[in-house]
Amino acid sequence: MNVVVIGAQWGDEGKGKIVDYLANEAQIIVRFSGGANAGHTIVIGDEQYALHLIPSGVLYPDKMVILGAGMVIDPTALFNELDMLRERGIDTTGRVFISDRAHLVLPRYIEIDQARDQARKKPIGTTGRGIGITYSMKSDRDGIRVADLAWKEKIDELESGDRNFLTPYIDRLEAMAIDLSAYLMHRKNSQVLFEGAQGALLDLDLGTYPYVSSGMSCAAGAAIGGCVGPRRLDKVLGVFKAYTTRVGNGPFPSEFDDRSESTEALCRFIRETGREYGVTTGRPRRCGYLDLVALRYACLTNSIDSLVMTHLDVYDTLEEIKACIAYRIGDRIVETFPASIEALNHAQPILRTFSGWKKSLSNALTYEEFPVEAMEYIEFIERFCETPIDMVSVGYDRKETIIRKSPWTR
């Protein structure tokens, strides 16, 4: 069975924890998009691991993890991450592979990325890791793939600085390279987890362009970056937080109004309680009410079969919570997610208020143990998005996860 996990918002939804949790029942975990601009935090007891390139399932000693064809890989970042895992007692020997069709990030791409965003009249707010430039080189057919490292003519065409950078890594990268489509074909009866990066609203085509990532963070990207046909994907899970966050620039209709004392205080509370700082950059995340209009759009455009809610416990102490159910744009009420950045920039959230539950959720072992107010919030979201919420995370640790329906059931 092939299960896809994507972010259903603007990234940072807690996909790392969810992939780590689901990987217990998988044999293979394939990350299909993005690069070292992504950051996943895994918490196991007192141990915390920050991963950027390697799929979250690597922490299980018997799992195979693969960096897919849709990824762009910085060799320095990759081997630094592998060294970090080894130093912390995680043996990755013979378990980490790279699709030979994946592209490589070169140091000058990083320099170009940083300079280009700084030169923009309205910066996008990229992580400056060279990701967009690498995807641009790929589209221009000027990039270099893992498979090309054995192509002497191609290597000779590179600038001397690029050659000098790659030379120490060539043998190590080639030792990890595989034909991903053939690898999965020979293991077609395995449980395979396809791990996305960023979120659906940052997808190059479906997101808030141009304030998006350069890769395919939508569910369809799993078929391309994972080297399988779309009909081989059995289920799509969309991960979202009980509220909404965004890093970098771009429209955010449900963002807390920093001109209001009450919402400014709420923003500070959520940012600190939810640890809303970027794993990769350390930047504080912009915070806002759960945007159900955007979430429903993500469900529709990604054929999300079930939702996974995270960070619900952040709301444990609040008297009431609110969610955005529509936008007011000028004199119109808008219930769908517009493509126009101008429209989104002028959108004012129409909010629905829910009663808080004033009780810790972290000790709950089943959904039935949740306070009725928490259930009402969850079930309203399900009705609004016409998509079931089959998993709820109420803390950072693996065990703080409530399963209503196993994702591994068809």
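Since we're looking at a predicted model, the values are computed, not measured. Numbers here are sequence positions counted from 1.
The closest donor-acceptor contact from the side chain of D313 to the backbone of S362 lies at 3.5 Å or more, if one exists at all. For the pair R271 (side chain) and T273 (backbone), a donor-acceptor distance under 3.5 Å is absent. Checking side-chain atoms of Q198 against main-chain N and O of S213 turns up no donor-acceptor pair under 3.5 Å. With hydrogens and angles ignored, the 3.5 Å screen pairs no side-chain donor or acceptor of D100 with any backbone N or O of A147. Although no hydrogens or angles enter the test, the distance criterion places no donor-acceptor pair under 3.5 Å between the side chain of R172 and the main chain of M176. Between the R95 side chain and the V58 main chain, a donor and an acceptor come within less than 3.5 Å of each other. In terms of modelled atom types and a separation under 3.5 Å, the side chain of T263 and the main chain of D257 share a donor-acceptor contact. The main-chain N or O of R352 is never found under 3.5 Å from a side-chain atom of K322 such that the two would form a donor-acceptor pair. A donor-acceptor pair under 3.5 Å is absent between the side-chain atoms of Y327 and the main chain of R332, judged by distance alone. Side-chain atoms of K63 come within 3.5 Å of backbone atoms of A23 as a donor-acceptor pair (strictly under, hydrogens ignored).
A cation-pi arrangement is absent between R275 and Y277, since the terminal nitrogen or guanidinium carbon is not both under 6.0 Å from the aromatic centre and inside a 45° cone about the axis. At least one test fails for R187 against the ring of F97: distance under 6.0 Å to the centre or angle within 45° of the axis.
Salt-bridge check for R285 with D12: passed, with a basic side-chain N closer than 4.0 Å to an acidic carboxylate O.
Atoms CG and CG, on D171 and L149 in that order, are 9.5 Å from each other to the nearest 0.5 Å. One finds the NE2 atom of H52 at 11.5 Å from the CG atom of D74 (value rounded to the nearest 0.5 Å). Note that CD of Q27 and OG of S190 are 5.0 Å apart. Values are rounded to the nearest 0.5 Å. A distance of 8.5 Å separates CD1 in I6 from CD in E13, rounded to the nearest 0.5 Å. The CZ atom of R296 sits 12.0 Å away from the CZ atom of F337 when rounded to the nearest 0.5 Å. Separation of atoms SG (C385) and CZ (F380) is listed at 9.0 Å; rounding is to 0.5 Å.
When all heavy atoms of A177 and V146 are compared, the pair lying nearest together is CB-CG1, 3.7 Å. In terms of heavy-atom proximity, W408 sits nearest to V192 at CH2-O, 3.9 Å. In terms of heavy-atom proximity, A222 sits nearest to V228 at O-CG2, 4.2 Å. For the residue pair L202 and W10, the shortest heavy atom distance occurs at CD1-O, 3.3 Å.
By the 30° and 60° cut-offs, the orientation of the rings of H311 relative to Y396 is perpendicular.
Between Y289 and F256, the ring centre distance stays below 6.0 Å.
Applying the salt bridge (charged side-chain N to carboxylate O under 4.0 Å, His left out) test to every pair with at least one member in residues 233-255, sequence neighbours left out, gives these pairs: D234-R410, K241-E276, E255-R286.
With L237 as reference, L22 is the one residue of L22, L193, I304 to meet the side chain to side chain contact (heavy atoms under 4.5 Å, CB included) rule.
In this structure, the side chains of L51 and L85 come closer than 4.5 Å at one or more pairs of heavy atoms.
Checking S254 against Y243 by side-chain atom types alone, no donor-acceptor pair falls below 3.5 Å. With no hydrogens or angles considered, no side-chain donor-acceptor pair links D390 and Y367 at under 3.5 Å. For the residue pair S303/D305, the side-chain donor-acceptor check at 3.5 Å is not satisfied. A donor and an acceptor atom, one from each side chain of S393 and K17, are located under 3.5 Å apart.
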Which is it for Y297 and T336 under the side-chain contact (heavy atoms from CB on, under 4.5 Å) test, yes or no, and what are the steps along the way? CA-CA 7 Å; Y297 168 78; T336 56; over 6 Å; no

Take V5 and E195, measure what side-chain contact (heavy atoms from CB on, under 4.5 Å) needs, and give me the verdict at the end. CA-CA 5 Å; V5 177; E195 174 184 359; 5.7 Å; no

Residue pair R232, F194: steps toward the side-chain contact (heavy atoms from CB on, under 4.5 Å) verdict: CA-CA 11 Å; R232 290 271 308 278; F194 291 88; over 6 Å; no

Set out, in order, the CA-CA distance, both residues' side-chain angles and the distance that settles side-chain contact (heavy atoms from CB on, under 4.5 Å) for F32 and I224, then state yes or no. CA-CA 8 Å; F32 62 83; I224 299 170; over 6 Å; no

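When the side-chain hydrogen bond (donor to acceptor under 3.5 Å, both in side chains) test is applied to D316, the partners found at least two apart in sequence or on another chain are W357. Scored by the side-chain hydrogen bond (donor to acceptor under 3.5 Å, both in side chains) test, E174 finds no partners at all (sequence neighbours excluded).
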